[in-house]
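Structure first, then comments.
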Amino acid sequence: MSLPDEVRRHAAEVAASARHVRIEDELLDALEPGEAPPADAERHFLDGEPEDVADYVLALNAVNFGSGWFPTLRKRPGCSGYWTVAWALADRWRAEGPWSAAELRALTAEEVATTLGQPPGHELMALYAQALRALGAFLGDRRALDLVGDAGGRADRLARMVVDGMPFYRDHGLYKRAQILCADVEGFGLGRLEGLDRLTMFADNLVPHVLRCAGVLRYDDALAERIDAGRLLPIGGAEHEIRCCALHAIERLSERTGVPPRTLDAWLWHAGQRPEVKARPRHRTRTVFY
Ligand SMILES: Nc1nc2c(c(CN[C@H]3C=C[C@H](O)[C@@H]3O)cn2[C@@H]2O[C@H](COP(=O)(O)O)[C@@H](O)[C@H]2O)c(=O)[nH]1
């Protein structure tokens, strides 16, 4: 069974037995998912050689987590946590070029903090440095485009390669970051991967929040109060139910609309950047998975 199909089945099983989260099916039909986000050539690194852009996409995806710590990050003006990290990394690429695999293997938390404009002792910077060192070890003497080539143009294989090769991708059951990496390979123009439309939604904390704001996901009172009070949720349990129910709801919406889950995800995540959506607290879990 392909990795995305494994995720689809897992999420359906969790959604069927969820105790804290319910999908309001009739509101799902009424959902306006929004529209495709515009390319952002300032906050992303798009304007370089394909090899350098590929290295950027891999490094950015290696640190595409930390939402549980984002309220403690120094954000760039008008930027969310993700965009703060993406923009700072793009600036580094424009100023000094890519980190080579050897440089990745030697990265310290202090260097990562300096690059991203964060306090040196920040816990998330140590995790980012660990993730980037693991990327350097995983690449060996390859560059990012070589990795895409090794996947033989198949999204499922690329996803499994990074899950097998780097522990921080082992978001078992949902594999959010392994799947979004595949979408980004195509999204950043690095090549065609077959099977992209079989990818599921990318189970982070923002898309489920957009669904909650639309009434599609309903949390039980205790869970809702905890999230609205900004209290962290431990990994597993309710946060896993939230992510599985969101993913399962998007599967249903995809079946009805014919729009691939990865496209619905992009529209909804982009919609989630709106101030009125950001004004309401979403669930926070400190994990390397999203
Ligand atoms: N489901 C889903 N989750 C996504 C993304 C992205 C950005 N990627 C796209 C952006 C342009 C390109 O098209 C990339 O594909 C980040 N995240 C997650 O969000 C969280 C951070 O959120 P905030 O606090 O607001 O920055 C964090 O867990 C991060 O892992 C996505 O697209 N879908």
Side-chain angles (χ1 to χ4, degrees), residues 7 11 33-46 53 56-76 78-90 116 124 127-128 131 155 168-169 171 174-190 193 196 199-213 217 230 232-233 235 239 242-244 246-247 249-251 254 260-290:
V7 170
E35 75 274 336
D40 192 320
E42 182 178 26
R43 298 190 299 178
H44 274 153
F45 179 76
L46 304 177
V53 174
Y56 172 76
V57 171
L58 218 53
L60 177 56
N61 272 277
V63 294
N64 188 6
F65 65 87
S67 56
W69 287 271
F70 284 175
T72 68
L73 281 194
R74 284 190 204 133
K75 307 265 191 6
R76 288 198 173 194
C79 287
S80 69
Y82 167 84
W83 283 114
T84 295
V85 171
W87 194 354
L89 215 49
L116 302 182
L124 185 58
L127 289 170
Y128 279 178
F168 285 11
Y169 277 87
D171 177 17
L174 291 171
Y175 297 118
K176 180 253 177 206
R177 290 178 43 223
Q179 293 195 82
I180 198 170
L181 170 63
C182 298
D184 279 1
V185 165
E186 193 214 34
F188 280 78
L190 303 175
L193 287 173
L196 285 179
L199 297 174
T200 70
M201 170 207 136
F202 312 123
D204 71 322
N205 69 339
L206 186 54
V207 175
H209 179 62
V210 174
L211 296 180
R212 183 191 182 204
C213 292
L217 290 190
L232 292 173
L233 297 185
I235 191 77
E239 71 80 28
I242 289 172
R243 297 200 292 151
C244 287
L247 192 145
I250 296 304
E251 285 297 309
S254 176
R262 67 186 175 109
T263 307
L264 291 170
D265 178 280
W267 295 349
L268 289 164
W269 193 82
H270 181 56
Q273 296 300 325
R274 288 199 303 255
E276 65 273 20
V277 177
K278 286 278 176 143
R280 283 188 66 184
R282 58 178 128 144
H283 88 263
R284 297 279 177 193
T285 295
R286 291 191 171 177
T287 171
V288 296
F289 297 142
Y290 62 95

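Since we're looking at a predicted model, the values are computed, not measured. Basis for what follows: all heavy atoms, side chains included, without hydrogens, waters or symmetry-related copies. In listed order, ligands and their atoms are each counted from 1.
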Please identify which of these residues, Y169, F289, Y128, meets the side-chain contact (heavy atoms from CB on, under 4.5 Å) condition with F65.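 The single option meeting the side-chain contact (heavy atoms from CB on, under 4.5 Å) with F65 is Y128.
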
With side-chain contact (heavy atoms from CB on, under 4.5 Å) as the test, pick out the partner of L247 among D265, V207, L174. L174

Under 4.0 Å, heavy atoms only, figure out whether ligand 1 is touched by the backbone of [X], its side chain, both or neither.
| X | result |
| --- | --- |
| R282 | side chain |
| M201 | neither |
| R177 | neither |

Around [atom], find the nearest protein heavy atom and jot down its residue, atom name and distance.
| atom | value |
| --- | --- |
| atom 27 (C) of ligand 1 | S67 CB, 4.0 Å |
| atom 9 (C) of ligand 1 | Y82 OH, 4.1 Å |
| atom 25 (O) of ligand 1 | K278 NZ, 2.4 Å |
| atom 21 (C) of ligand 1 | F70 CE1, 3.6 Å |
| atom 33 (N) of ligand 1 | D265 OD1, 2.7 Å |
| atom 15 (O) of ligand 1 | D184 OD1, 2.6 Å |
| atom 29 (C) of ligand 1 | N64 OD1, 3.1 Å |
| atom 19 (O) of ligand 1 | W269 NE1, 3.0 Å |

Quick check: closest heavy atoms across A86 and Y56, and the distance to 0.1 Å? O-OH, 2.7 Å

Shortest non-hydrogen separation from L199 to C182 and the atoms involved: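 Result for this residue pair: CD1-CB, 4.0 Å.
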
For ligand 1, is A183 a contact, meaning one of its heavy atoms is under 4.0 Å away? no

[X] neighbourhood, listing ligand 1 atoms whose heavy-atom distance to it stays under 4.0 Å:
| X | answer |
| --- | --- |
| Q273 | 25 (O) |
| V207 | 1 (N) |
| K176 | 3 (N), 4 (C), 17 (N), 18 (C), 29 (C), 30 (O) |

Please assess I250 against L211 for the test side chain to side chain contact (heavy atoms under 4.5 Å, CB included), listing each intermediate value before the final yes or no. CA-CA 9 Å; I250 296 304; L211 296 180; 4.2 Å; yes

Heavy-atom nearest option to [atom], drawn from [options]:
| atom | options | answer |
| --- | --- | --- |
| atom 28 (O) of ligand 1 | Y290, F188, F65 | Y290 |
| atom 32 (O) of ligand 1 | I180, V85, T287 | I180 |
| atom 20 (C) of ligand 1 | L206, L60, N205, V277 | N205 |

Could an N or O of ligand 1 be found under 3.5 Å from any N or O of [X], whether backbone or side chain?
| X | value |
| --- | --- |
| R284 | no |
| H44 | no |
| W83 | no |

Worked verdict on R43 versus R76 for side chain to side chain contact (heavy atoms under 4.5 Å, CB included): CA-CA 10 Å; R43 298 190 299 178; R76 288 198 173 194; over 6 Å; no

Sub-4.5 Å side-chain heavy-atom contact between L206 and Y290: no

Under a 4.5 Å cut-off applied to non-hydrogen side-chain atoms, are L89 and F45 in contact?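 Not touching, per the 4.5 Å side-chain cut-off.
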
Please check if the distance between the ring centroids of H44 and W83 is under 6.0 Å.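 Judged by ring-centre distance (under 6.0 Å), H44 and W83 do meet the cut-off.
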
Is there a donor in the side chain of N205 and an acceptor in the side chain of R282, or the other way round, less than 3.5 Å apart? yes

Could you walk me through whether L58 and L181 satisfy the side chain to side chain contact (heavy atoms under 4.5 Å, CB included) test, starting with their C-alpha distance in whole Å, then the side-chain angles of each, then the deciding distance to 0.1 Å, before giving a yes or no? CA-CA 8 Å; L58 218 53; L181 170 63; 3.7 Å; yes

Pair W87, D40 - check side chain to side chain contact (heavy atoms under 4.5 Å, CB included), show working. CA-CA 10 Å; W87 194 354; D40 192 320; over 6 Å; no

Has the side chain of N61 got a donor or acceptor atom that lies under 3.5 Å from a matching backbone atom of V57?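 Confirmed, N61 side chain pairs with V57 backbone.
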
